Protein chains: 2
Amino acid sequence: MLTKLQDRGSRMTSHRLALLRIMAVSEGHPNAAQLYEKLREQFPTISLATIYKTLLVLKEDGQVFEIDMHNDSHYDGNKPYPHPHLICNKCGDIIDGDDVSFLDAIGQEIQEKYNFQIAQSQLLFYGVCQNCQS
Amino acid sequence: MLTKLQDRGSRMTSHRLALLRIMAVSEGHPNAAQLYEKLREQFPTISLATIYKTLLVLKEDGQVFEIDMHNDSHYDGNKPYPHPHLICNKCGDIIDGDDVSFLDAIGQEIQEKYNFQIAQSQLLFYGVCQNCQS
DNA sequence: GTGGTATTGATAATTATTCTCCATAGATAA
DNA sequence: TTATCTATGGAGAATAATTATCAATACCAC
C-alpha cells in the first residue's frame, strides 16, 4: 500500500500511515470530521486540511472510495472496489452491499446500449435497514 | 401535477408553474444556478432562494429527482422515477440511463440479502460518453 | 548529514445551500 | 367583491463542507 504511494512520488508520513491504518481497520464509513477526531488522539496538532489532502491522495490512488453524500462525504477504505452502499434513513448507518450480483451485468448493459465507458460508479440505495424495521 | 401540490396544502404560483414547465421541457439536467438564470428571463426579480425552496417542494412531491453530485446537485424533471445517470468525465454531460434492465433485479436482491427496504436510489456511473470517445 | 521537495498546520477563501424576517400574493369564506 | 388567514417571495445573512494559500517543517535520496 505504501509502495503504491511512493510510485506516484508521494511520501509516506506517520500521519498518512495512521490514516490508512484507521481506514483499513475500522468497520464503518467515516467522514472527514470523524477521521479528524480519531487522528487527533494520536496527533493532537493535526489539521483538518491535512485530512482532506490525504484523502485526496488516497482517492487518486484508489485505496479509498468516496461515498458522496449530500454535503457530507464518507469514505470506504475496506473495500475500495465498486459496490453499492445501503444508507438507512433512520439510523444513518451505511451498509456495504457487496455480495450483490447483477453489477457486472448492469455495467455491461450500459456499456453496450449507450456506448459508455464506465470508469467508476456510485450506487446508493436509501431506505430502512434491518435493525430499524422492528 | 398541480393538483398534487394542492393536495399537500401547497399553492400553485406563476413561479412554480414556470419552473415545472422548464423542468418538463428541457432535455438536460440543470442545477439550481442554471434554473435561476433561465427563470430570471421571465421573472427578473426572482431569488435563488426561491429556486431552492421550489425544488424542495417538488422533490417532496416526487415530481423532480435530485442528482446529488459533489457539491453541485442537478435535477431531473423529465423522468422522476429511479433510473441510472451516466456522467461523462470529459464533457460533463448527464445521460439518462433508462432502458436499463436489472434494476428491479438488484433491488430485489438487496431487499432479500440485506432485508433492506429501499425507498430511493441514486445510481451514478462516471466515465466517458459516446461523443467524447472519438 | 545535507539539500531539494513534498507535506503540514493555521487560517482565509470559496461555494452550494439554508435560514431569517418582513412584505406580498393566493385562497377561502362571507 | 372584500376581508382575512396563511403560504410564498425576495434580500441578504448565516451555515458548513471543502479548497486554496503560504511559510515552516519533515521526509527521503544522495
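Since the structure is predicted, the reported quantities are computational estimates derived from the model, not experimental observations. Here is the naming used below: chain letters follow the sequence lines, and residue numbers restart at 1 for every chain.
- Sequence order on DNA chain D of the closest nucleotides to A/D72 and B/T54 puts B/T54 first from the 5' end.
- Judged as a side chain to side chain donor-acceptor pair (under 3.5 Å), and not counting sequence neighbours, the contacts of B/S101 are A/E109.
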Side-chain polar contacts of residues 11-25 of chain B - donor-acceptor pairs under 3.5 angstrom, sequence neighbours left out - could you list them?
| from | atom 1 | to | atom 2 | distance (Å) |
| --- | --- | --- | --- | --- |
| B/T13 | OG1 | B/R16 | N | 3.3 |
| B/R16 | NH1 | B/R11 | O | 3.0 |

Show which side-chain atoms of residues 48-60 of chain A pair as donor or acceptor with protein atoms under 3.5 Å away, not counting sequence neighbours.
| from | atom 1 | to | atom 2 | distance (Å) |
| --- | --- | --- | --- | --- |
| A/T54 | OG1 | A/T50 | O | 2.8 |
| A/K59 | NZ | A/E66 | OE1 | 2.6 |

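- Hydrophobic clustering, defined by side-chain heavy atoms of Ile, Leu, Val, Met, Phe, Trp and Tyr closer than 4.5 Å, groups A/I94 together with A/F65, A/I67, A/M69, A/I87, A/L124, A/Y126.
- B/K113 and A/D99 are not joined by a salt bridge, as no carboxylate oxygen comes within less than 4.0 angstrom of a charged side-chain nitrogen.
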Which donor-acceptor pairs under 3.5 Å do side chains of residues 127-134 of chain B form with protein atoms, sequence neighbours excluded?
| from | atom 1 | to | atom 2 | distance (Å) |
| --- | --- | --- | --- | --- |
| B/Q133 | NE2 | A/N115 | O | 2.8 |
| B/Q133 | NE2 | B/V128 | O | 3.2 |
| B/S134 | OG | B/N131 | O | 3.2 |

message = Generate the contact string for nucleotides 20-30 of chain D. Rules: B means base contact, S means sugar-phosphate contact only, - means no protein heavy atom under 4.0 Å.
response = BB----BBS--

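- Taking Ile, Leu, Val, Met, Phe, Trp and Tyr as members and joining any whose side-chain heavy atoms lie under 4.5 Å apart, directly or through other members, the hydrophobic cluster of B/Y114 also contains A/L86, A/I95, A/V100, A/F102, A/L103, A/I106, A/I110, A/Y114, A/F116, A/I118, A/L123, A/F125, B/L86, B/I95, B/V100, B/F102, B/L103, B/I106, B/I110, B/F116, B/I118, B/L123, B/F125.
- With sequence neighbours left out, the salt bridge (charged side-chain N to carboxylate O under 4.0 Å, His left out) criterion links B/R40 to B/E37.
- Nucleotide D/dT19 holds its C1' atom 13 Å from the CG atom of A/L55, rounded to whole Å.
- Listed candidates were D/dT8, D/dA11, C/dT8. Nearest to the side chain of A/R16 is C/dT8.
- Only at 4.0 angstrom or more do the heavy atoms of residues 119-127 of chain A sit from any atom of DNA chain D, so none qualifies.
- Partners of B/D96 according to the salt bridge (charged side-chain N to carboxylate O under 4.0 Å, His left out) rule, which considers only residues two or more places apart in sequence or in another chain, are B/K79.
- In the set C/dG9, D/dG9, D/dT18, the nucleotide with an atom closest to the side chain of A/A32 is D/dT18.
- Atom CZ of A/R40 and atom P of C/dT8 are 17 Å apart (whole Å).
- Side-chain proximity of B/I46 to D/dG10, C/dT8, C/dT17: nearest is D/dG10.
- Rounded to 10 degrees, the angle separating the terminal helix axes of the helix from C/dG1-D/dC30 to C/dA30-D/dT1, each built from five base pairs, is 40°.
- Counting to the nearest Å, the P atom of C/dA16 and the NE2 atom of B/H70 are 11 Å from each other.
- Judged by closest nucleotide on DNA chain C, A/G9 is the one of A/G9 and B/E66 placed further toward the 5' end.
- A donor-acceptor contact closer than 3.5 angstrom links the side chains of B/D72 and B/H74.
- Every side chain to side chain donor-acceptor pair (under 3.5 Å) that B/D76 has, sequence neighbours left out, goes to B/H29, B/H83, B/H85.
- One interatomic measurement links the two molecules: CZ of B/F43 to C1' of C/dT24, which rounds to 15 Å at whole-angstrom precision.
- Counting to the nearest Å, the P atom of C/dT18 and the CG atom of B/L48 are 11 Å from each other.
- Computed from coordinates, the B/I51 CD1 to D/dT8 P distance equals 15 Å when rounded to whole Å.
- Here A/Y52 reaches the OP1 or OP2 of D/dT18: one of its side-chain N or O atoms lies under 4.0 Å away.
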